[in-house]
Student: 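The following block contains the structure, expressed as structure tokens.
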Amino acid sequence: MLTRKQHELICFINDRLAETGVSPSFEEMKEALDLKSKSGVHRLISALEERQFIRRLPNRARALEVMRMPERGEQKMRIPANSNGGIILPPAANDVIELPMHGRIAAGMPIEAFEGQSTLPVPAALLGPGEHFALEVSGDSMVEAGILDGDYALIRKTETARDGEIVVALIDDHEATLKYYRHDGPRIRLDPANVLYEAQIYAAEQVRVQGKLAGLLRRY
């Protein structure tokens, strides 16, 4: 049996998919279930995945699929199948995913981020939908956002961002930095989270978003 919150969440996701065809955001799920943080949503989704009620669709943002419904079997549900007609089961919530390490990312002045050969093991429950990679943080300009030197930034690949989001910004196609992303008229402003650092301002064509911060790992 599902807990009350698990049942509420899967019903909310299923209803939203039926209405709009798009799964709700984690913020919308948090508000709908009156949870205090998004980490509670992550735990509920992981539990529903483990029990095979929902699955996350790879390489798509905000992509959840309802595989079956508790006590509401009359509703239409899409059940994915492989080429042999068998049901595709989601990974267990305690799975570990090997994310590609793309070098070091500056939380200070821009430094080069590059694609390396190593990987970083990450619990699948920490990641949402979409394709991810990892970067080691270098510098202290994002400390007030809780991002410390030596942390591992988990990045969801995307080429777009909204003002106020923490992004990996590629500058002049060869240097990368981790900063808050904001528009400043026709220019792009990359803001630190440390009063000791100044904002970096570039022409819009100099900056390309390569991903948004999805999580952090810290080793003690």
Side-chain angles (χ1 to χ4, degrees), residues 25-31 35-43 61-62 97-116 118-123 125-220:
S25 67
F26 277 72
E27 182 66 26
E28 290 171 332
M29 288 185 263
K30 178 177 76 73
E31 292 178 0
L35 298 174
K36 293 182 178 179
S37 69
K38 294 180 185 177
S39 61
V41 176
H42 280 282
R43 286 192 294 271
R62 286 178 56 179
I97 296 175
E98 296 285 340
L99 291 188
M101 281 289 296
H102 285 203
R104 304 186 77 193
I105 185 75
M109 293 304 294
I111 62 174
E112 186 174 1
F114 56 91
E115 186 168 354
S118 61
T119 60
L120 179 71
V122 176
L126 293 181
L127 302 174
E131 185 178 356
H132 295 75
F133 61 92
L135 292 162
E136 184 180 359
V137 175
S138 174
D140 62 356
S141 76
M142 296 299 288
V143 293
E144 293 169 17
I147 304 170
L148 308 182
D149 182 66
D151 285 351
Y152 291 95
L154 311 180
I155 306 298
R156 182 173 65 82
K157 286 187 178 181
T158 181
E159 295 181 353
T160 61
R162 293 177 293 185
D163 282 4
E165 292 183 316
I166 298 176
V167 306
V168 173
L170 186 66
I171 301 164
D172 293 329
D173 287 328
H174 74 278
E175 291 182 315
T177 188
L178 188 70
K179 292 288 183 294
Y180 284 109
Y181 177 89
R182 290 185 173 90
H183 289 86
D184 186 1
R187 299 177 296 179
I188 299 298
R189 192 176 80 239
L190 302 176
D191 286 337
N194 186 329
V195 295
L196 300 179
Y197 289 80
E198 295 183 354
Q200 301 164 16
I201 300 176
Y202 300 94
E205 61 270 18
Q206 289 181 273
V207 179
R208 284 199 297 122
V209 174
Q210 293 203 306
K212 295 192 291 190
L213 183 68
L216 283 174
L217 280 182
R218 182 171 300 155
R219 292 178 176 174
Y220 294 92

Student: Output the distance between atom OH (Y202) and atom CZ (R187), rounded to the nearest 0.5 Å.
Tutor: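 Answer for the OH-CZ pair, Y202 versus R187, is 12.5 Å.
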Student: Within the 4.5 Å heavy-atom criterion, are T119 and M101 side-chain neighbours or not?
Tutor: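 When only atoms from C-beta onward are counted, M101 and T119 do not touch, as no gap falls below 4.5 Å.
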Student: Please report the interatomic distance CZ(F133) to CD1(I105), rounded to the nearest 0.5 Å.
Tutor: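 Taking CZ in F133 and CD1 in I105, the distance rounds to 7.5 Å.
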Student: Run E165 and V209 through side-chain contact (heavy atoms from CB on, under 4.5 Å) and show every step you take.
Tutor: CA-CA 11 Å; E165 292 183 316; V209 174; over 6 Å; no
Student: On a heavy-atom basis, which atom in S141 and which in K179 lie closest, and how many Å separate them?
Tutor: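 Taking every non-hydrogen atom into account, OG-NZ, 3.1 Å.
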Student: Identify whether the distance between the nearest side-chain nitrogen and carboxylate oxygen of D191 and R189 falls below 4.0 Å.
Tutor: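 Counted as a salt bridge, because a side-chain N and a carboxylate O are separated by less than 4.0 Å.
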Student: Using modelled atom types only, decide if a donor and an acceptor are shared between the side chain of N194 and the backbone of D140 within a distance under 3.5 Å.
Tutor: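 Present.
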Student: Check L135 against H102 and note the closest heavy-atom contact, atom names and distance.
Tutor: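 Residues L135 and H102, closest heavy atoms: CD2-O, 3.0 Å.
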Student: How about T158 and V167: do any of their side-chain heavy atoms sit closer than 4.5 Å?
Tutor: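 T158 vs V167: side chains apart.
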Student: Against K157, only a single residue in Q210, H132, E131 fulfils side-chain hydrogen bond (donor to acceptor under 3.5 Å, both in side chains); can you say which?
Tutor: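 It is E131, the one option of Q210, H132, E131 that forms the side-chain hydrogen bond (donor to acceptor under 3.5 Å, both in side chains) with K157.
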Student: Of all the heavy-atom pairs spanning D149 and V137, show the shortest one and how long it is.
Tutor: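 Where D149 meets V137 most closely, the heavy atoms are OD1-O, 3.6 Å.
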Student: Answer yes or no: is there a side-chain heavy-atom contact under 4.5 Å between D151 and M142?
Tutor: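 When only atoms from C-beta onward are counted, M142 and D151 do not touch, as no gap falls below 4.5 Å.
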Student: For residues L148 and V143, determine if any side-chain heavy atom of one lies less than 4.5 Å from a side-chain heavy atom of the other.
Tutor: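 Heavy-atom side-chain distance check passes, below 4.5 Å.
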Student: Supply the atom-to-atom distance I147 CD1 to L213 CG, rounded to the nearest 0.5 angstrom.
Tutor: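 Rounded to the nearest 0.5 Å, the CD1-CG separation comes to 5.0 Å.
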Student: For a 4.5 angstrom cut-off between non-hydrogen side-chain atoms, does L154 reach L99?
Tutor: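 Yes, close enough: below the 4.5 Å cut-off.
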Student: How long is the span from the CG atom in D163 to the CD1 atom in I188, to the nearest 0.5 Å?
Tutor: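 One finds 7.5 Å between CG of D163 and CD1 of I188.
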Student: At what distance, to the nearest 0.5 angstrom, does CG of D172 lie from CZ of R208?
Tutor: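 Output value for this atom pair is 10.5 Å.
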Student: Taking all non-hydrogen atoms of both residues, which atom of P121 and which atom of L217 are closest, and how far apart?
Tutor: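 Minimum heavy-atom separation between P121 and L217: O-CD1, 4.0 Å.
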Student: Would you say I166 and Y180 make side-chain contact, with heavy atoms under 4.5 Å?
Tutor: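 I166 vs Y180: side chains touch.
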Student: Do you know which two heavy atoms are closest between A199 and P192, and how far apart they sit?
Tutor: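 Scanning both residues completely, I find the closest heavy atoms to be CA-CD, 3.8 Å.
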Student: For the residue pair K212 and Y181, establish whether any side-chain heavy-atom pair is separated by less than 4.5 Å.
Tutor: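 Side-chain contact under 4.5 Å: no.
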Student: May I ask you to check whether over 12 heavy atoms, not counting those of E27, lie within 6.0 Å of atom CD?
Tutor: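 Atom CD in E27 is crowded, with more than 12 foreign heavy atoms closer than 6.0 Å.
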Student: Considering non-hydrogen atoms only, spot the tightest contact between L120 and A134 and give its length.
Tutor: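 Answer, listing the atom of L120 first, then A134: CD2-CB, 3.8 Å.
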Student: Roughly how far, to the nearest 0.5 Å, is the CZ atom of F26 from the OG atom of S39?
Tutor: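 Here the rounded value is 11.0 Å.
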